[in-house]
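In what follows, chains are A, B, ... by sequence order, proteins preceding strands, each numbered from 1.
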2 protein chains.
Amino acid sequence: MSVFEKGTPFTMKEKNKRLILQCIQDDSPLSRSEIAEKLKISKPTVSSIVEELLQEEWIKEIGARTAGAQGGRRPIQITFNHQARFVIGVDIGGTKTLAAISDLSGNLLATTLFHTQEEVQCGILHKVNMVAKQMLAELNIDEKKVLGIGIGVPGMTNVKDGIVIDAPSLRWKMHPLKHEAEKIFPWPVFIDNDVNVAVLGEQWLGAAKGMSNVVLISIGTGIGCGMILEGNLYRGSSWAAGEIGYFVTDIHQAKQKDDPIYSGYGFLDRHAGGAGIANKASQALKKQSNHPLQEKAVLTAKDVFDYAKSDDPIALKIIEEVIDHIGFAIANVISIINPEVIILGGGISKSADWYLPRLEEIISQFASVPTEVKRSAFGSEIGVLGAVSLVLRERECVLKTLS
Amino acid sequence: MSVFEKGTPFTMKEKNKRLILQCIQDDSPLSRSEIAEKLKISKPTVSSIVEELLQEEWIKEIGARTAGAQGGRRPIQITFNHQARFVIGVDIGGTKTLAAISDLSGNLLATTLFHTQEEVQCGILHKVNMVAKQMLAELNIDEKKVLGIGIGVPGMTNVKDGIVIDAPSLRWKMHPLKHEAEKIFPWPVFIDNDVNVAVLGEQWLGAAKGMSNVVLISIGTGIGCGMILEGNLYRGSSWAAGEIGYFVTDIHQAKQKDDPIYSGYGFLDRHAGGAGIANKASQALKKQSNHPLQEKAVLTAKDVFDYAKSDDPIALKIIEEVIDHIGFAIANVISIINPEVIILGGGISKSADWYLPRLEEIISQFASVPTEVKRSAFGSEIGVLGAVSLVLRERECVLKTLS
DNA sequence: GATTAAGTTAGTAAAGGTAACAAACTAACC
DNA sequence: GGTTAGTTTGTTACCTTTACTAACTTAATC
């Protein structure tokens with residue numbers, strides 16, 4: 001697709017056009033002459049390509065700047081048109097689904113939230129299509145100006161064939177989501193794992209802006225990570241990269257016969273994931289009497305966290321162990337990947353401030369190189385932002401649409 | 001360097017030229033017309049580029065094939081000229097250094113081995129230069145036909161600036177090897193970590209031929225791994241990727257106060273590396289009497305392995321623990337990287353047959369996806385082969401030399 | 001008005017594409 | 001067995017696209 005493309009005058013021009021647009025997007029406002037200087041492309045070439053981009057509305061002229069101190073003609077300022085095209089981002093979660101319309105700079109112009117489960121029967125995608133069209137109508141955006149729709153899915157995904165291999169919370173197995181979506185939407189469809197999508201978002205506009213090597217660790221029901229390596233999402237040879245829920249951080253415990261094995265969950269999931277925490281807590285409470293948590297009908301990881309924060313000894317012991325497991329897992333990730341930064345995402349990242357010092361202690365002591373750990377820069381919108389970023393990345397071919 | 005290159009008629013031609021040469025290298029013999037068909041480049045363009053490549057001796061015409069069944073002009077067969085240029089590969093090891101002259105297909109035409117330590121004083125590179133020139137003279141190869149020299153170094157290396165950050169066995173710290181080499185050799189110089197170089201070799205011609213996602217795990221004095229991800233060597237954000245010697249596979253043991261810490265070595269190095277094995281064995285023997293290993297003045301990991309193979313209980317217990325640590329470490333690598341294959345390299349890979357079943361057992365039980373584990377396809381020549389591959393990869397610009 | 005910088009116009013060179021053609025072969029036919 | 005039709009390879013001639021250089025116009029400052 002990219003490497004094996006032959007060179008023709010046409011591809012040559014496409015390349016230069018993309019280069020110029022990118023340059024304007026990064027450093028606007030710019031004049032034609034500044035672009036020529038920056039990219040070392042001759043002024044006539046720049047002028048002719050800029051002319052085309054203007055016609056296609058990718059860029060705008062915003063009048064002349066004052067001339068330099070030594071005089072000369074005033075340069076015509078050119079800026080990127082953030083509203084040239086739009087992208088639809090969708091974050092399908094186990095409980096809630098968020099859909100949004102975004103411009104080319106990641107400004108979310110409209111969002112709609114709905115409960116996933118209520119729609120899972122008659123088709124989440126139809127619901128998405130409905131709310132998307134509604135939002136587009138309200139914003140008065142022509143459907144033809146939509147570059148594509150990006151969908152983040154909570155499960156392992158074969159991006160190439162567009163198949164969701166396994167998404168337990170949606171009960172999808174080998175679900176041909178992309179194919180199905182292409183029948184419904186009039187736009188190009190791109191799908192990926194929710195963690196991959198999240199790290200794309202953080203690298204585009206969040207805690208890892210512009211970095212080339214980024215790992216986002218998501219701790220929720222299970223534990224997983226998304227990785228951007230050398231600027232590109234790394235998905236592994238069978239879409240299973242980043243499955244650190246399977247990390248074994250204690251070989252003696254792993255080898256014990258009574259260490260439980262649930263299919264679809266790994267050692268770290270069981271010992272540090274949300275479900276594992278709740279499980280451990282209820283086991284510990286059985287041996288105990290008169291504990292306030294016993295009154296809860298359904299025990300969640302959040303409950304255990306809350307009690308730990310208020311220094312409840314039982315909860316604290318559990319959480320400390322959990323944090324240790326996570327800390328060593330992160331240290332191991334650092335040792336093998338050597339990222340610029342580790343970003344904490346997922347439900348548990350909300351209490352990050354509380355346990356971050358302990359994580360940092362473990363990392364500084366055991367990881368191969370000291371590495372910064374940050375929490376996610378976004379809240380619930382990270383998923384849709386990442387989905388938008390996915391579309392923009394995969395559709396480098398953007399310029400071909402209108403030219 | 002690659003992404004930000006503008007498109008000009010010249011770059012366009014370079015691209016097509018490279019494409020055609022690659023095509024011939026992969027599938028020779030080919031005719032002009034087959035190339036045009038394969039690459040969808042017009043016949044006149046192919047002819048003119050082929051003409052240039054012939055002039056530059058990158059390819060050869062080897063006479064006509066018989067025509068097809070339906071008649072027609074006999075196609076002129078074109079093959080890649082493996083001897084068009086040559087590459088020098090150097091593998092600097094802690095004890096021995098191997099230098100070799102290779103053609104473009106990885107045939108080692110001549111090799112020279114010498115002891116590293118004897119030359120480390122007055123300069124390994126001068127010795128390399130001497131033997132290289134000698135080999136070139138014997139093979140009657142013009143110095144100008146050497147594309148470059150690749151050097152594998154046993155330590156962390158900053159490839160961009162050409163600085164060896166830390167190579168304990170050579171006592172190099174922040175050693176500007178590339179700069180020094182460029183003063184000595186009349187050829188372009190490329191350096192990298194020995195493990196990175198090894199995985200390049202395996203992916204080029206060995207156990208991972210043509211695969212895109214490969215991890216080579218090297219177990220010697222310490223433990224490290226080299227990774228090819230999406231076809232490219234992955235080196236991390238500060239040249240520290242693959243430092244799995246720092247993996248912690250047992251958090252309880254790691255947290256113990258008496259778990260020793262040597263700087264430059266990680267948890268896994270200490271518990272499963274060569275030095276760690278020898279250490280553990282001598283400790284165990286102190287509590288024992290009348291053990292044949294006690295007679296050894298210097299205890300090596302190989303000794304312990306040999307005794308374990310002959311069912312000596314003390315050695316066996318140590319080795320079994322070591323294999324477990326390594327097995328879980330590999331399982332963790334698989335879970336995060338999801339490579340197509342894991343290759344075992346380094347000194348200990350020689351006894352791989354013996355412990356491979358146990359590794360496979362651990363991996364199938366604990367890794368996120370079942371993954372094949374192979375041993376290295378090469379012996380001592382893997383380092384120089386990889387170094388040659390490094391030069392060929394980094395010098396994609398090959399065609400610019402003579403054109 | 002001289003100077004300077006921005007942007008355009010005119011002409012040239014480089015590269016790839018298409019179409020037609022020569023070359024070289026097979027096969028069938030008389 | 002010689003001739004002819006059909007096929008495939010590789011080349012030649014010409015066209016189009018694109019970028020570049022150089023000169024020029026425009027619109028500022030001093």
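Across all strands, S48(B) comes closer than 4.0 Å to no nucleic acid atom at all (heavy-atom distances). K13(A) comes within 4.0 angstrom of the backbone, heavy atoms only, and of no base. Residue S31(A) is classed as a sugar-phosphate contact, given heavy-atom separations below 4.0 Å to backbone atoms only.
Comparing dG10(D), dG7(C), dA19(D) by their nearest atom to the side chain of I49(A) picks out dA19(D). Of the candidates dC20(D), dT9(D), dA6(C), dA6(C) carries the atom nearest the P75(A) side chain, counting heavy atoms from C-beta on. With distances taken from any side-chain atom of R73(A) to the nucleotides dA19(D), dT17(D), dA5(C), the minimum falls on dA5(C). Ranking dA27(D), dG10(D), dA19(D) by closeness to the T45(A) side chain, first place goes to dA19(D).
Atom CD1 in I20(A) sits about 13 Å away from atom P in dT18(D), given to the nearest Å. Note: CD (E51(A)) to P (dT18(D)) measures 15 Å, nearest angstrom. M12(A) has its CE atom 10 Å from the P atom of dA15(C), to the nearest Å. Atom CD of Q77(B) and atom P of dT9(D) are 12 Å apart (whole Å). Following rounding to the nearest Å, E14(B) (CD) and dA14(C) (P) show an atom-to-atom distance of 15 Å. In this structure, CD1 of I76(B) is placed 17 Å from P of dT8(D), rounded to the nearest angstrom. Look at CZ on F10(B): it is 19 Å from C1' on dT17(D), rounded to the nearest Å. Distance NZ (K15(A)) to P (dA15(C)): 15 Å, rounded to an integer number of Å.
For the pair K43(A) and N16(B), nearest-nucleotide mapping onto DNA chain C gives the more 5' position to K43(A). Between P9(A) and P44(A), the residue whose closest nucleotide on DNA chain D is further toward the 5' end is P9(A).
Within the structure, a side-chain polar atom (N or O) of R32(A) is placed less than 4.0 Å from OP1 or OP2 of dT8(C). At dA27(D), none of the side-chain N or O atoms of R74(A) fall inside 4.0 Å of OP1 or OP2 (strictly under the cut-off). Between S33(B) and dT8(D) there is no side-chain polar atom (N or O) within less than 4.0 angstrom of OP1 or OP2. In this model, the phosphate group of dG17(C) is approached by a side-chain N or O of K6(A) to a distance below 4.0 Å at OP1 or OP2. An OP1 or OP2 oxygen of dG16(C) is reached within less than 4.0 angstrom by no side-chain nitrogen or oxygen of S42(B).
A salt bridge does not link K43(B) with E37(B): none of the charged nitrogens is closer than 4.0 Å to a carboxylate oxygen.
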Distance-only check: which donor-acceptor pairs under 3.5 Å involve side-chain atoms of residues 101-108 of chain A, not counting sequence neighbours?
{"residue": "D103(A)", "atom": "OD1", "partner": "S105(A)", "partner atom": "N", "Å": "2.8"}
{"residue": "D103(A)", "atom": "OD1", "partner": "G106(A)", "partner atom": "N", "Å": "3.2"}
{"residue": "D103(A)", "atom": "OD1", "partner": "N107(A)", "partner atom": "N", "Å": "3.0"}
{"residue": "D103(A)", "atom": "OD1", "partner": "N107(A)", "partner atom": "ND2", "Å": "3.4"}
{"residue": "D103(A)", "atom": "OD2", "partner": "Q83(A)", "partner atom": "NE2", "Å": "3.1"}
{"residue": "D103(A)", "atom": "OD2", "partner": "N107(A)", "partner atom": "ND2", "Å": "2.8"}
{"residue": "S105(A)", "atom": "OG", "partner": "H82(A)", "partner atom": "ND1", "Å": "2.3"}

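Across all their heavy atoms, C23(A) and K38(A) have their closest contact at SG-CD, 3.8 Å.
Expressed to the nearest 0.5 Å, how far CD1 of I78(A) lies from CD of E34(A) amounts to 9.5 Å.
R32(A) and Q77(A) are not linked by any side-chain donor-acceptor pair at a separation below 3.5 angstrom, with hydrogens and angles left out of the test. For the residue pair Y234(B) and N196(B), no side-chain donor N or O sits within less than 3.5 Å of a side-chain acceptor on the partner.
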